[in-house]
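Have a look at the structure below before the remarks.
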Amino acid sequence: MRIFTKTKAAVVGALLASTSMVQASDVEVLHWWTSGGEAAALNVLKQDLESQSVGWQDMPVAGGGGEQAMTVLRARVTAGNPPTAVQALGFDILDWANQGALADLNEVAAKEGWDAVVPDALKAFAKADGKWVSAPVNVHSTNWVWANKAVLDANGIAQPTSWDDFVSAVEALKAAGVTPIAHGGQAWQDATVFDAVAMGALGPDGYKAAFIDLDSATLGSDAMKTAFDRMAFIRDNVDDNFSGRDWNLATAMVINGEAGFQMMGDWAKGEFLNAGKVPGEDFLCFRFPGTAEQVTFNADQFMMFDQGGEVSTEQAALASAILSPSFQSAFNVVKGSVPARTDVSDADFDACGKQGMKDLAAAASSGNLFGSMAHGHAAPASVKNAVYDVVTAHFNGEYDSETAVQELVDAVEIAK
């Protein structure tokens with residue numbers, strides 16, 4: 001993934017112009033999977049469709065959180081020419097469904113038994129008014145830490161299991177002249193880290209109260225101040241050039257031994273694998289200290305836009321391919337995520353993948369599976385964006401922790 005430098009207008013114009021090349025037998029897919037690991041995973045889906053004689057018209061829009069892709073999408077829909085399918089997350093899917101813009105996939109879903117194998121937490125975003133409107137590709141969990149094993153070993157650092165352990169590890173790396181934490185200063189990345197930090201500081205009940213129930217008392221609590229204090233510690237232990245860095249470039253710092261840790265969703269694993277690294281040997285994957293029992297998740301889905309009141313043959317083929325067990329395994333092995341359906345074997349997954357599938361199943365059964373605030377699965381976009389603004393302002397030194405807590409309370413109240 002390259003750093004996004006074009007203006008929104010230029011990108012929208014270029015992509016609008018590209019639609020004239022789409023043929024009737026193609027699927028035109030708007031997405032933001034542009035890093036090496038992501039592109040490798042997406043190629044699995046392209047090859048699946050090509051085997052069915054369905055062409056692929058690629059519409060990649062760089063930007064790891066998808067904000068630029070959504071800008072392009074709005075322009076396409078306004079012009080009356082939506083893509084065949086669009087990568088989307090959480091409440092964004094429901095917003096488009098509520099506008100009546102999405103196709104009804106119930107016929108495909110019924111034929112292939114989606115309701116029996118897709119977890120309820122995903123169906124909450126894949127279905128609207130009883131109608132399937134998107135096809136879930138995966139389940140990502142966001143409260144992971146990635147570490148360079150050689151760097152940790154060289155400095156006598158064991159995998160941290162508590163916040164205090166993590167602080168000690170970071171301080172040891174800093175004393176050794178190693179950048180402790182690789183991070184990219186973009187709002188969605190700041191919020192991804194905050195997701196895990198807040199879960200650790202507030203606990204699962206507090207996380208739910210704050211970011212799903214939007215309870216003002218919890219948002220303004222001492223535990224929330226602790227979360228911001230911990231974010232300030234993290235900010236003090238990133239390198240000076242973090243601002244604007246794309247997430248996969250931060251991952252590369254860990255891969256190359258330039259940094260010890262990165263807090264990022266499990267899509268980061270795709271970068272390690274793409275670089276030929278082996279979990280447990282070259283890198284470690286573990287839950288953010290203090291969140292071992294919890295999983296915060298997002299799920300990439302492809303929503304299908306209504307194109308004349310019927311699901312096209314190409315849309316049906318794409319939806320069917322996405323939910324097939326063979327694709328779910330092959331794609332997620334490469335992507336770093338876990339399958340969106342519960343009946344897929346973990347046989348082909350590496351150690352991190354097997355752990356992710358095990359953690360997801362345990363969290364779902366124990367009530368510890370929570371939609372990620374940072375990735376649009378806890379609250380609507382207006383609230384998410386309000387949280388982004390406060391978290392990023394605090395991370396960049398505009399607020400101290402006490403002020404950030406009050407700003408968070410006020411911002412969420414206005415956004416609700």
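Ring pair Phe286/Trp146: centre-to-centre distance not below 6.0 Å. Taking the six-membered ring wherever Trp is involved, the centroid distance between the rings of His183 and Phe395 falls below 6.0 Å. Aromatic pair Phe297/Trp144: centroids not less than 6.0 angstrom apart. Aromatic ring centroids of Phe228 and Tyr399 lie 6.0 Å or more apart.
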List the steps, then state whether side-chain contact (heavy atoms from CB on, under 4.5 Å) holds for Thr179 with Val238. CA-CA 6 Å; Thr179 298; Val238 302; 5.7 Å; no
Using the rule given for side-chain contact (heavy atoms from CB on, under 4.5 Å), can you reason through Asn106 versus Lys111, listing the C-alpha separation, both sets of side-chain angles and the distance that settles it, and then say yes or no? CA-CA 8 Å; Asn106 273 358; Lys111 179 181 177 181; over 6 Å; no
Evaluate the side chain to side chain donor-acceptor pair (under 3.5 Å) criterion for residues Asn98 and Trp96: first the C-alpha distance (whole Å), next the side-chain angles of each, then the deciding distance (0.1 Å), finally the verdict. CA-CA 5 Å; Asn98 290 336; Trp96 285 106; over 6 Å; no
Audit row: Asp282, Lys149, side-chain contact (heavy atoms from CB on, under 4.5 Å) steps and yes/no: CA-CA 5 Å; Asp282 301 308; Lys149 188 174 185 300; over 6 Å; no
Using the rule given for side chain to side chain donor-acceptor pair (under 3.5 Å), can you reason through Glu271 versus Ser35, listing the C-alpha separation, both sets of side-chain angles and the distance that settles it, and then say yes or no? CA-CA 8 Å; Glu271 300 300 297; Ser35 77; 2.8 Å; yes
What do the steps show when you test Asn148 against Glu258 for side-chain contact (heavy atoms from CB on, under 4.5 Å), and what is the final call? CA-CA 9 Å; Asn148 183 300; Glu258 299 165 10; over 6 Å; no
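We find that Lys127 and Asp115 are joined by a salt bridge, their nearest charged nitrogen and carboxylate oxygen being less than 4.0 Å apart. We find that Arg76 and Glu28 are joined by a salt bridge, their nearest charged nitrogen and carboxylate oxygen being less than 4.0 Å apart. Comment: Lys269 engages Asp350 in a salt bridge, judged by a side-chain N to carboxylate O separation of less than 4.0 angstrom. Asp120 has a carboxylate O that lies under 4.0 Å from a charged side-chain N of Lys123, or vice versa, which qualifies the two as a salt bridge. Comment: Asp190 does not engage Arg235 in a salt bridge, judged by the lack of any side-chain N to carboxylate O separation of less than 4.0 angstrom. Salt-bridge check for Asp129 with Lys131: failed, with every basic side-chain N at 4.0 Å or more from each acidic carboxylate O. In summary, Asp266 and Lys335 do not engage in a salt bridge, as defined by a charged side-chain N under 4.0 Å from a carboxylate O.
Surrounding CD of Glu310 are at most 12 heavy atoms belonging to other residues, nucleotides or ligands under 6.0 Å away. Crowding of Lys358 atom NZ: a count of heavy atoms from other residues, nucleotides or ligands under 6.0 Å not exceeding 12. Dense packing is recorded around CD of Glu112, with more than 12 heavy atoms of other residues, nucleotides or ligands lying under 6.0 Å away.
Residues Asp95 and Gln99 bring no donor and acceptor atom of their side chains to less than 3.5 Å of each other. For the residue pair Ser337/Asn138, the side-chain donor-acceptor check at 3.5 Å is satisfied. Thr192 and Thr142 are not linked by any side-chain donor-acceptor pair at a separation below 3.5 angstrom, with hydrogens and angles left out of the test. Side chain to side chain, Gln301 and Ser134 meet the donor-acceptor criterion of an N or O pair below 3.5 Å. Side-chain contact check for His375 and Asp195: no donor-acceptor pair (N or O, by modelled atom type) lies under 3.5 Å. Between the side chains of Gln47 and Glu50, not a single donor N or O lies within less than 3.5 Å of an accepting N or O. No side-chain donor from either of Ser366 and Glu293 sits under 3.5 Å from a side-chain acceptor of the other. Counted by atom type alone, Gln294 and Asn143 present zero donor-acceptor pairs between their side chains at under 3.5 Å. Inspection of the Asp229 and Ser401 side chains reveals an N or O donor paired with an N or O acceptor under 3.5 Å.
Under a 3.5 Å cut-off, the side chain of Ser365 and the backbone N or O of Ala362 do form a donor-acceptor pair. Proximity of a side-chain donor or acceptor of Thr342 to a complementary backbone N or O of Val117 within less than 3.5 Å is detected. Counting only distance, with no hydrogens or angles, the side chain of Ser320 and the backbone of Ala317 share no donor-acceptor pair below 3.5 Å. Panel note: side chain His31, backbone Val86; no donor-acceptor pair is recorded below 3.5 Å. Asn396 contributes a side-chain N or O that, together with a main-chain N or O of Thr392, makes up a donor-acceptor pair within less than 3.5 Å. Here the side chain of Gln315 pairs a donor or acceptor atom with the backbone of Thr84 at under 3.5 angstrom. With Asp165 contributing its side chain and Thr161 its backbone, the two residues share a donor-acceptor pair below 3.5 Å. Under a 3.5 Å cut-off, the side chain of Ser324 and the backbone N or O of Ala321 do form a donor-acceptor pair.
Between Trp188 and Trp267, the two ring planes are tilted [angle within 30° to 60°]. Between Phe233 and Phe166, the ring planes are perpendicular. Angles over 60° get that label, and only those under 30° would be called parallel. Using cut-offs of 30° and 60° on the angle between ring planes, the pair Phe288 and Trp163 is tilted.
Closest of all the heavy-atom pairs between Pro339 and Asn332 is CA-ND2, 3.4 Å. Across all their heavy atoms, Leu273 and Lys277 have their closest contact at CD2-O, 3.7 Å. The two residues Pro289 and Val145 come nearest to each other via the heavy atoms CD-CG2, 4.1 Å. In terms of heavy atoms, Trp114 sits closest to Ala319 at CZ2-O, 3.7 Å. Considering all non-hydrogen atoms of both residues, Leu323 and Pro136 come closest at CD2-O, 3.4 Å. Nearest heavy atom pair, residue Val151 against residue Ala259, reads CG2-O, 4.5 Å.
Residues Met373 and Val387 are in side-chain contact: their nearest non-hydrogen atoms beyond the backbone lie under 4.5 Å apart. Side-chain contact between Asp300 and Gln87: present, with at least one pair of heavy atoms (C-beta onward) separated by less than 4.5 Å. Within the 4.5 Å cutoff, no side-chain heavy atoms of Val54 are placed close to those of Asp26. Counting only heavy atoms from C-beta outward, the side chains of Phe302 and Leu45 approach each other to under 4.5 Å. In this structure the side chain of Asp213 reaches within 4.5 angstrom of the side chain of Lys208, judged on heavy atoms. Looking at heavy atoms from C-beta onward, Asp92 lies in side-chain contact with Met70 at the 4.5 angstrom threshold. Within the 4.5 Å cutoff, the side chain of Gln262 has no heavy atoms near those of the Ile181 side chain.
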